[in-house]
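Okay, structure first, notes after.
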2 protein chains.
Amino acid sequence: MQTQRQKGSGSELAAVVAAAGGRHRTATEFVEAALKAAILEGRLPGGTALRQEELAEAFGVSRMPVREALRQLEAQALIDFVPHKGAVVTEISAEDAADNYAIRRALEPAALALSIPALGPEDFGRARDLIAEMDTDPDPGSLGELNRRFHMALYSRAGRAKLLALTEQQLAAADRYLRFHLAAKGREHLSQDEHRALLAAAEARDVAAAVAVLHAHLDRAAATIAEFFRTRGG
Amino acid sequence: MQTQRQKGSGSELAAVVAAAGGRHRTATEFVEAALKAAILEGRLPGGTALRQEELAEAFGVSRMPVREALRQLEAQALIDFVPHKGAVVTEISAEDAADNYAIRRALEPAALALSIPALGPEDFGRARDLIAEMDTDPDPGSLGELNRRFHMALYSRAGRAKLLALTEQQLAAADRYLRFHLAAKGREHLSQDEHRALLAAAEARDVAAAVAVLHAHLDRAAATIAEFFRTRGG
DNA sequence: TACCATGAGATTGGATCCAATCAACACCTG
DNA sequence: CAGGTGTTGATTGGATCCAATCTCATGGTA
């Protein structure tokens, strides 16, 4: 993939640290959250080598919380531990994107089907607001999060905590791909029409139709990203 | 659930250490693998508090690799970090079991459908052998692993590495429940008939039939375990 | 010139040490 | 005797230190 396995150039790390404003109980959680967000949002692209000492200095902590945070990111398949070279941010490849969509195609319809009967007006309102926000928000960087929140709003009443957590994790991972190809193509690739159709089917409590729309939505997104990787030589 | 949040009684930990024979590159990996196996196999039941110092002594290492291993287990939702109380093995509840089955019901049919066209005679042979082994193996403790390997054999040609990894992880988690209720009920609850029907449908390359059998298989298992929890007051 | 050995530097894995925080228990008081 | 309170011990989170190992550059040699 012709990736330069360079270390993060310092200033990038500073930006990562600065962007991580949330309050966390422990330094480990803080570092983990910041790195996770940076990776998922594409600020730390695949192939970036994260050296512990450098991270420790950038975050103003010792290497220990950094190590524990990296371990957790490893368990989430966001980085690979390469002995004596550092923790390397996992590459995003056409193969990985296809995997991600295969998983989402399995999980999300299940969550949607469980959730639809229990959805209330406030959920539909939230979903509608998020669609509108995606239409108007000028920042392409936040589209991924809005998209994720829209999907999760429709699944939120599934009543299966672990299923939802897993789904959200996969959606977050999808952010990496989405952002990747939104940057190259246009925001029209967000398929707002399909979002609206999905919401309409959910409001009509038509589970079969909603699942069909969701399947088509995910398949189209997968095909688009696959095509993107093909033309780009991924 | 009337769980005693006692610390592992030392001798239990010794058994966990002794059972972990595999060779691993680092102490962290060794500790993680040993604890993970012990939790999934039920040797460390839900609610057990794992204190770092105790683990460190039992494994003959310092607290540091223990801490990193615990962090990774936390990321896998096998333990919860409770400040000043230790890492607590997550409870297995009726709710968790239902979640696990909902996830498997979404993932496994997808993996199966992708895999069936690519399965070869050697895969069918392996699956057949595993069914036979489940019939004859006298050790009820190994039934879970055999069951997992049987299922994975049928999914193995799906060609989606992450989907398979996630599926296997959920199957491993299911071991905890399976072992739990196999101990109380009988091995006939393994549904060997359904296993055979699943294999037959796969050999016939009948994706729809195989998926239907798998759905029924998982639904029946979920119902059985739900009933088990209900009668047992879980 | 190409290739291999050697040594210095860098990086991680692990151990030990220190500080902060919480839980439990004993004690005092109304 | 019940309830609140202070103190002690235990346990974790984090920092610093040490050892092992790999990488990479340098230089020597065929």
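Please read all numbers here as calculations on a predicted model, not as lab measurements.
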Taking only N and O in the side chain of Q52(A), is any of them less than 4.0 Å away from OP1 or OP2 of dG13(C)?
yes

Taking 4.0 Å as the cut-off, does a side-chain nitrogen or oxygen of T28(A) come that near to OP1 or OP2 on dG14(D)?
yes

Heavy-atom nearest nucleotide on DNA chain C taken for M64(A) and for A87(A); more 5' hit belongs to A87(A)

Could you go over nucleotides 18-25 of chain D and give all protein N or O partners under 3.5 Å, atom names and distances?
from    : atom 1 : to     : atom 2 : distance (Å)
dT21(D) : O2     : H84(A) : ND1    : 3.4

Within the supplied structure, the quantity of interest is the number of heavy atoms (other residues, nucleotides, ligands) at a distance under 6.0 Å from Q76(A) CD; does it exceed 12?
yes

Just the rounded figure in Å: distance from [atom2] of [N] to [atom1] of [X].
{"X": "E53(B)", "N": "dT12(D)", "atom1": "CD", "atom2": "P", "result": "8 Å"}
{"X": "E32(B)", "N": "dG14(C)", "atom1": "CD", "atom2": "P", "result": "12 Å"}
{"X": "L70(A)", "N": "dG14(D)", "atom1": "CG", "atom2": "P", "result": "14 Å"}
{"X": "E29(B)", "N": "dG14(C)", "atom1": "CD", "atom2": "C1'", "result": "14 Å"}
{"X": "E57(B)", "N": "dT11(D)", "atom1": "CD", "atom2": "P", "result": "12 Å"}
{"X": "L50(B)", "N": "dT12(D)", "atom1": "CG", "atom2": "P", "result": "10 Å"}
{"X": "R71(A)", "N": "dG14(D)", "atom1": "CZ", "atom2": "P", "result": "17 Å"}

Judged by each residue's nearest nucleotide on DNA chain D, which is more toward the 5′ side, V61(A) or G86(B)?
G86(B)

Using the side-chain heavy atoms of R51(B), tell me which of these nucleotides is nearest: dG14(D), dG14(C), dT11(D).
dT11(D)

Taking the side chain of P65(B) as its heavy atoms from C-beta onward, which of dA15(D), dG13(C), dA15(C) lies nearest to it?
dA15(C)

In terms of the angle between their ring planes, are F150(B) and H195(B) parallel, tilted or perpendicular, with boundaries placed at 30° and 60°?
tilted

So, are R43(B) and E41(B) salt-bridged, with charged N and O less than 4.0 Å apart?
yes

If you measure from the Lys or Arg side-chain nitrogens to the Asp or Glu carboxylate oxygens, is any gap between D129(A) and R126(A) under 4.0 Å?
no

Donor-acceptor pair under 3.5 Å, R67(A) side chain vs dG14(C) base
yes

Just so I know, are the side chains of N100(B) and L163(A) near enough to count as touching, which here means a heavy-atom distance under 4.5 Å?
no

Rounded to the nearest 0.5 angstrom, the CG-CD distance for L70(A) and E68(B) is 9.0 Å

Answer yes or no on whether R71(B) is positioned over the face of F81(B), meaning its NZ or CZ is under 6.0 Å from the six-membered ring centre and within 45° of the axis.
yes

